[in-house]
Amino acid sequence: MGGTQSLALPLGKGPHQVGCADVMVGHTRQGLFLRLFYPCLPRAGAERPLWIPRYEYCGGLADFAHRSRRWCAPLLNAAIGSCRVPVSWNGPFKPCSRRYPLIVFSHGLGAFRTLYSSVCSELASWGFAVAALEHRDHSASATYVCPAGAGSEEWIPYQRVPQGQKEFYFRKKQVHQRAEECVRALRLFEDIDSGKSVPNVLHQDFDLSVLKDSIDLTKVAVMGHSFGGVTAVPARVTALVKEPSFRCAVALDAWMFPLENALYPEVPKPVLFINTEKFQTPESVAKMKRLSSRNSQTKIITILGSVHQSQTDFTFLTGKLLSRIFGARGTLDPYKGLDITSRAALAFLQRHLNLEEEFHQWDDLLEGIGDSVVPEAPFCRSNL
């Protein structure tokens with residue numbers, strides 16, 4: 001089975017090699033868990049991290065997909081459990097006199113911190129620090145904390161909407177918890193930059209103090225997919241109430257359902273919505289247009305030939321069985337889809353973080369101009 005399935009995540013196309021490290025701060029659910037992608041120095045024989053970091057995540061994915069753990073978790077482990085991400089595990093951080101801008105990335109329902117490694121490492125290769133969160137609101141397929149003195153992990157499973165409870169109110173509560181975690185991630189980098197000692201509970205070889213004076217906290221964006229995409233919008237609202245560090249947001253195929261109406265007037269900063277062809281509904285797009293009507297710099301584009309999972313690493317899975325389980329493949333080549341997504345994001349980030357780069361060469365994508373991309377979101381293309 002393992003021989004008929006493969007995962008080939010692409011190397012970043014930018015000028016920097018990419019390293020990554022896991023960071024867990026605090027021993028309770030009120031702490032923070034993330035995977036940090038960053039530009040790194042070359043290192044001979046660098047270890048590449050596992051894409052699925054623990055077997056427990058296979059069980060969580062099986063639960064989320066409504067499949068039996070008994071057969072699906074071992075299948076996933078056999079098929080993709082040995083796959084690795086083409087980055088340097090705990091690689092030496094690459095110093096930069098100009099400091100790197102920061103992206104806080106929020107995952108979708110049933111995902112976790114590693115399932116967007118392709119887009120996160122691509123952005124890091126162009127000179128960003130990318131903090132991919134693993135949320136503890138029961139929206140991850142699985143996650144865990146390390147209670148002080150316990151000597152073992154406490155696992156937090158994925159939770160479906162409780163029977164008898166309306167989904168909107170259940171998801172709204174999760175959105176706000178996720179938004180607070182995004183703000184908490186920003187606070188973490190502020191603490192590091194101020195020289196505060198921040199112990200990593202995971203005791204890894206990556207020293208967080210090397211980030212001091214290396215992250216540009218005046219150039220911070222939030223990004224996410226699906227539920228993470230809509231998290232990106234209220235995350236910035238919550239942050240802007242306290243301070244204006246989140247300057248823009250990139251929402252990948254955002255699931256707009258949990259966004260409450262009261263938040264719309266509070267989103268003054270620009271958002272880039274990058275939609276897939278087969279996911280959005282007229283109601284969801286109407287909410288996006290409501291935001292764009294308030295800010296001419298908010299953009300909506302759709303990538304043709306793509307499906308909802310095209311913006312996750314699952315799109316790089318080959319083999320009919322796993323693609324069927326996760327609905328991972330559209331008709332568009334996944335590498336081309338990643339190029340469109342990352343280049344549109346880079347052009348948008350240059351514009352709104354005032355970066356001195358050459359990303360404006362992809363500005364046309366922001367207007368929906370280019371191969372396999374159209375402006376806004378044609379309703380006729382939706383199948384939900």
Side-chain angles (χ1 to χ4, degrees), residues 9-16 18 37-39 100-108 115-133 182 216 219-226 228-233 235-236 246-254 269-276 279 288 291-292 295 297-304 306 308 310-313 315 332 334-377:
L9 292 182
L11 287 166
K13 293 184 176 181
H16 303 282
V18 178
F37 296 83
Y38 54 89
Y100 300 114
L102 174 66
I103 299 171
V104 177
F105 193 97
S106 173
H107 65 73
L115 296 192
Y116 301 88
S117 294
S118 52
V119 67
C120 290
S121 59
E122 175 66 21
L123 294 170
S125 78
W126 289 100
F128 289 82
V130 184
L133 298 180
C182 290
D216 191 340
K219 298 177 179 179
V220 184
V222 63
M223 185 172 182
H225 175 249
S226 191
V230 76
T231 301
V233 179
R236 292 177 49 261
F246 287 113
R247 293 173 59 177
C248 62
V250 178
L252 306 180
D253 224 13
K269 298 293 182 68
V271 181
L272 171 61
F273 292 100
I274 306 178
N275 295 333
T276 65
F279 180 72
M288 296 177 191
L291 288 174
S292 67
N295 189 322
Q297 292 302 307
T298 287
K299 304 293 183 180
I300 307 169
I301 63 173
T302 296
I303 301 176
L304 303 180
S306 59
H308 194 51
S310 295
Q311 293 171 330
T312 74
D313 293 340
T315 193
L332 182 68
Y335 296 91
K336 185 174 182 178
L338 175 61
D339 282 348
I340 295 172
T341 298
S342 57
R343 289 172 181 178
L346 289 168
F348 187 78
L349 292 169
Q350 168 155 325
R351 182 178 294 184
H352 298 292
L353 298 183
N354 299 323
L355 305 179
E356 297 177 7
E357 303 289 350
E358 300 296 325
F359 305 150
H360 61 273
Q361 63 184 297
W362 299 308
D363 275 354
D364 279 355
L365 291 173
L366 302 181
E367 308 303 327
I369 300 172
D371 188 27
S372 301
V373 62
V374 294
E376 298 196 343

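Along the sequence shown, the residues carry numbers beginning at 1. Just so you know, these numbers come straight off a predicted model, no measurement behind them.
In this structure a side-chain-to-backbone donor-acceptor pair under 3.5 Å is present from Glu122 to Lys13. Panel note: side chain Tyr100, backbone Ala124; no donor-acceptor pair is recorded below 3.5 Å. Between the side chain of Ser121 and the backbone N or O of Gly12 there is no donor-acceptor pair closer than 3.5 Å. Of the possible donor and acceptor atoms, none in the side chain of Thr341 sits under 3.5 Å from a partner among the backbone N and O of Leu338. In this structure, Thr302 contributes its side chain and Glu376 its backbone to a donor-acceptor pair below 3.5 Å. A donor-acceptor pair is defined here as one N or O able to donate and one able to accept, closer than 3.5 Å; no such pair exists between the side chain of Asp364 and the backbone of Ile369. Side-chain atoms of Gln311 come within 3.5 Å of backbone atoms of Ile274 as a donor-acceptor pair (strictly under, hydrogens ignored).
Ser310 and Thr315 get closest at one heavy-atom pair: O-CG2, 3.5 Å. What you find for Ser118 and Leu9 is that their closest heavy atoms are CB-CD2, 4.2 Å. For Val130 against Phe105, the heavy-atom pair with the smallest separation is CG1-CB, 4.3 Å. What you find for Ala251 and Val271 is that their closest heavy atoms are CB-CG1, 4.4 Å. Pro101 approaches Gly127 most closely through the heavy-atom pair CD-O, 3.3 Å. Looking at every heavy atom in both residues, Ala344 comes nearest to Ile301 through CB-CD1, 4.0 Å.
Annotation: side chain of Leu355 is in contact with side chain of Lys219 (closest heavy-atom distance under 4.5 Å). Considering only heavy atoms from C-beta on, Phe37 stays 4.5 Å or farther from Ile103 through its side chain. In this structure, the side chains of Met288 and Asn275 come closer than 4.5 Å at one or more pairs of heavy atoms. At a threshold of 4.5 Å between non-hydrogen side-chain atoms, the residues Glu357 and Trp126 do not count as touching.
For CD of Glu358, the number of neighbouring non-hydrogen atoms (other residues, nucleotides, ligands) closer than 6.0 Å is 12 at most.
Rounding to the nearest 0.5 Å gives a distance of 11.0 Å between CZ of Phe273 and CG of Asp253. Rounding to the nearest 0.5 angstrom, the gap separating the CE atom in Met223 from the CG atom in Leu349 is 7.5 Å.
The aromatic rings of Phe128 and Phe359 lie parallel to each other, with less than 30° between the two planes, well short of the 60° mark.
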